[in-house]
Amino acid sequence: QVQLVESGGGLVQAGGSLRLSCAASGRTFSAYNMGWFRQAPGKEREFVAAVGWLGVTKDYANSVKGRFTISRENVKNTVYLQMNSLKPEDTAVYYCAAGGAARFTTDMEKYDYWGQGTQVTVSS
């Protein structure tokens, strides 16, 4: 089992920045891909960003490329999502997830462990 706890969400004006953190405990954190996903009201959960177990392989949704950066610190069992130039359409609950130990993936179905989520609200 892996337990995940997100933090860092909040209310920010358009154009502002937030940094989300996800602290992991339990089984070997460094063995897993880590991803961020989000779900806006009335919409399905969607992929935002993912990072492989070494922290080298990364991928982003087209909607956040150039604005968001995912990173991880295996010694701290923590993954981050730096969000810059935020837009109102980024408003959602953001979830941290761990999974896909066999290979790098952005497929939500391959992520086995999920946090409770943190709310991000971007005002116009």
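Because only heavy atoms are used, hydrogens play no part in the values below, and waters and symmetry mates are left out as well, while side chains stay in. Residue numbers run from 1 in the order of the sequence given.
Residues I70 and V120 share a hydrophobic cluster, clusters being chains of Ile/Leu/Val/Met/Phe/Trp/Tyr side chains in contact below 4.5 Å. Linking Ile, Leu, Val, Met, Phe, Trp and Tyr whenever their side-chain heavy atoms come within less than 4.5 Å leaves V51 and W53 in two separate clusters. Taking hydrophobic clusters as Ile, Leu, Val, Met, Phe, Trp and Tyr residues chained together by side-chain heavy-atom distances below 4.5 Å, L81 shares a cluster with Y113. Linking Ile, Leu, Val, Met, Phe, Trp and Tyr whenever their side-chain heavy atoms come within less than 4.5 Å leaves Y95 and V122 in two separate clusters. With hydrophobic clusters built from ILVMFWY side chains whose heavy atoms lie under 4.5 angstrom apart, Y80 does not share a cluster with V64.
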Begin with the C-alpha distance, continue with both residues' side-chain angles, and end with the deciding distance and a verdict on side-chain contact (heavy atoms from CB on, under 4.5 Å) for L20 and M83. CA-CA 8 Å; L20 305 183; M83 305 186 294; 3.7 Å; yes
Candidate pair Y60 and R67, rule side-chain contact (heavy atoms from CB on, under 4.5 Å), full reasoning: CA-CA 10 Å; Y60 298 90; R67 300 187 298 122; over 6 Å; no
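Contact record, C22 with M34: SG-CE, 4.4 Å, taken as the closest heavy-atom pair. Taking every heavy atom of both residues into account, F29 and V79 meet most closely at CZ-N, 4.2 Å. Nearest heavy atom pair, residue T105 against residue A50, reads O-CB, 4.0 Å. F47 and T106 get closest at one heavy-atom pair: CZ-CG2, 3.5 Å. Pairing each heavy atom of C96 with each of L4, the nearest pair is O-CD1, 3.6 Å. The minimum heavy-atom distance linking P88 with A14 is given by the pair CD-CB, 4.1 Å.
Note that CZ of F68 is 9.5 Å distant from OG of S17, once rounded to the nearest 0.5 Å. The NZ atom of K87 sits 14.0 Å away from atom OG of S124, with the distance rounded to the nearest 0.5 Å.
At distances below 3.5 Å, not a single donor-acceptor pair connects side-chain atoms of R72 with backbone N or O atoms of N33. With hydrogens and angles disregarded, no donor-acceptor distance shorter than 3.5 Å links the side chain of Q116 to the backbone of V5. For E46 (side chain) and R38 (main-chain N/O), no donor-acceptor pair under 3.5 Å exists by modelled atom type. In terms of modelled atom types and a separation under 3.5 Å, the side chain of Y32 and the main chain of Y111 share no donor-acceptor contact. A donor-acceptor pair under 3.5 Å is absent between the side-chain atoms of Q82 and the main chain of T69, judged by distance alone.
Under the 30°/60° scheme for interplanar angles, the aromatic rings of W114 and F37 are found to be tilted.
Side-chain atoms of T91 and Q119, non-hydrogen and from C-beta on, do get closer than 4.5 Å to each other.
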